[in-house]
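For reference, the structure is listed below as structure tokens.
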Amino acid sequence: MFGADYYRRFYGKGGVHDRRAIAHLASAVHGMAAWWGVTPTSVLDVGAGPGLWRDWYRTNHPRVKLTSIDVSEYACRKYGHELRDISTWTPPQPFDLVVCHGVLQYPDDRSATAAIDNIAAACKHVLYLEVPTSSDFRTVVDKEATDMEVHHRTGLWYRRRLEKHFIQAGAGIWVRRGGGVLLYELERTR
Ligand SMILES: C[S@@+](CC[C@H](N)C(=O)[O-])C[C@H]1O[C@@H](n2cnc3c(N)ncnc32)[C@H](O)[C@@H]1O
């Protein structure tokens, strides 16, 4: 499923996002973690696809130890990631920052639940997560640029599983419970 056509379609002209957009997002996420006193020295990019986050880190923070994984043999070969399925894999050591951008809508309910638990096990301090919910598919996403042939689950479905491990700070950023980041009351969503 995740072969050359997939990456051409969603990362070619008019695709979901590009290097410039990721540069804004990655610098914001990195900067927020630094603001909270946990400047990332190790980063795990889950479902890295074309590797836009990995490339941003290599260019802007070359000393950060970055591991990028993907379940697609094609993506691993072409873009240089470790071949891993996040629903069955946990790393030997946790990372300061875990990025999971546009991935969790692909596995089924059971695998996505396991993936969230594995992401939590892989995360020491901060998670950046973007996953479209059923409401987003109805109201927010650009249906031309987005893969709609995925699992449509509610925000509540994800929140119930994520909140076991994380506190939602907002804008896709979650901090690991017990990971040393203490948010002010109005820095978090609840
Ligand atoms: C929409 S792309 C996102 C790529 C990248 N994160 C980005 O935002 O540019 C989804 C990626 O998730 C990967 N993926 C899907 N299920 C996965 C799983 N269970 N474990 C690891 N990667 C997975 C796919 O192979 C694909 O490369």
Side-chain angles (χ1 to χ4, degrees), residues 1-30 40 43-60 64 66-92 94-95 97-123 126-134 136-137 140-153 157-158 161-162 165 171-174:
M1 163 180 189
F2 301 108
D5 287 350
Y6 174 86
Y7 296 100
R8 208 174 300 120
R9 174 162 174 223
F10 294 111
Y11 291 92
K13 212 163 169 251
V16 269
H17 46 246
D18 59 14
R19 265 172 220 289
R20 267 176 67 175
I22 292 300
H24 290 303
L25 177 61
S27 55
V29 170
H30 186 86
V43 175
L44 173 66
D45 188 3
V46 173
L52 302 177
W53 279 82
R54 186 266 323 275
D55 293 349
W56 184 83
Y57 263 102
R58 269 196 191 151
T59 304
N60 295 282
V64 168
L66 195 133
T67 300
S68 54
I69 65 163
D70 204 288
V71 79
S72 156
E73 283 183 21
Y74 173 84
C76 292
R77 206 170 48 242
K78 175 139 172 92
Y79 304 112
H81 311 306
E82 293 179 23
L83 183 62
R84 313 271 188 209
D85 180 341
I86 192 59
S87 61
T88 56
W89 175 80
T90 48
F95 294 78
L97 168 66
V98 176
V99 173
C100 184
H101 193 166
V103 178
L104 288 183
Q105 67 271 35
Y106 288 99
D108 64 20
D109 288 6
R110 224 169 126 172
S111 296
T113 300
I116 290 170
D117 290 340
N118 290 343
I119 284 169
C123 180
V126 174
L127 164 68
Y128 174 75
L129 174 76
E130 187 203 85
V131 54
T133 65
S134 35
D136 297 328
F137 283 117
V140 181
V141 303
D142 174 349
K143 294 185 176 63
E144 294 300 309
T146 308
D147 189 359
M148 303 295 285
E149 301 298 308
V150 294
H151 296 275
H152 294 211
R153 290 179 282 248
W157 190 96
Y158 287 105
R161 287 156 180 81
L162 287 159
H165 311 286
I173 307 179
W174 300 71

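Start at 1 with the first residue, then count along the sequence. First listed ligand is number 1; within each ligand, the first listed atom is number 1.
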H101 and D45: side chain donor to acceptor below 3.5 Å:
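No donor-acceptor contact under 3.5 Å links the two side chains.
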
Would you check if there is a donor-acceptor pair between the side chains of H152 and S134 at a distance under 3.5 Å?
no

Once the angle between the rings of Y57 and W53 is folded into 0 to 90°, is it parallel (under 30°), tilted (30 to 60°) or perpendicular (over 60°)?
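Parallel, since the angle between the ring planes stays under 30°.
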
Looking at D18 and A21, would you say the former's side chain and the latter's main chain have a donor-acceptor pair under 3.5 Å?
yes

Present, as a list of atom pairs with distances to 0.1 Å, all nitrogen or oxygen contacts under 3.5 Å between ligand 1 and the protein.
{"residue": "ligand 1", "atom": "6 (N)", "partner": "G47", "partner atom": "O", "Å": "2.8"}
{"residue": "ligand 1", "atom": "6 (N)", "partner": "H101", "partner atom": "O", "Å": "2.8"}
{"residue": "ligand 1", "atom": "8 (O)", "partner": "H17", "partner atom": "NE2", "Å": "3.0"}
{"residue": "ligand 1", "atom": "8 (O)", "partner": "H101", "partner atom": "O", "Å": "3.1"}
{"residue": "ligand 1", "atom": "9 (O)", "partner": "Y11", "partner atom": "OH", "Å": "3.0"}
{"residue": "ligand 1", "atom": "9 (O)", "partner": "H17", "partner atom": "NE2", "Å": "2.9"}
{"residue": "ligand 1", "atom": "19 (N)", "partner": "D85", "partner atom": "OD1", "Å": "2.8"}
{"residue": "ligand 1", "atom": "20 (N)", "partner": "I86", "partner atom": "N", "Å": "3.0"}
{"residue": "ligand 1", "atom": "22 (N)", "partner": "V71", "partner atom": "N", "Å": "3.2"}
{"residue": "ligand 1", "atom": "25 (O)", "partner": "Y7", "partner atom": "OH", "Å": "3.3"}
{"residue": "ligand 1", "atom": "25 (O)", "partner": "D70", "partner atom": "OD1", "Å": "2.5"}
{"residue": "ligand 1", "atom": "27 (O)", "partner": "Y7", "partner atom": "OH", "Å": "2.6"}
{"residue": "ligand 1", "atom": "27 (O)", "partner": "D70", "partner atom": "OD1", "Å": "3.4"}
{"residue": "ligand 1", "atom": "27 (O)", "partner": "D70", "partner atom": "OD2", "Å": "2.7"}

For the residue pair Y79 and Y7, is the inter-centroid distance of their aromatic rings smaller than 6.0 Å?
yes

Measuring from atom CD of E130 to atom CD of Q105, what distance do you get when rounded to the nearest 0.5 angstrom?
8.0 Å

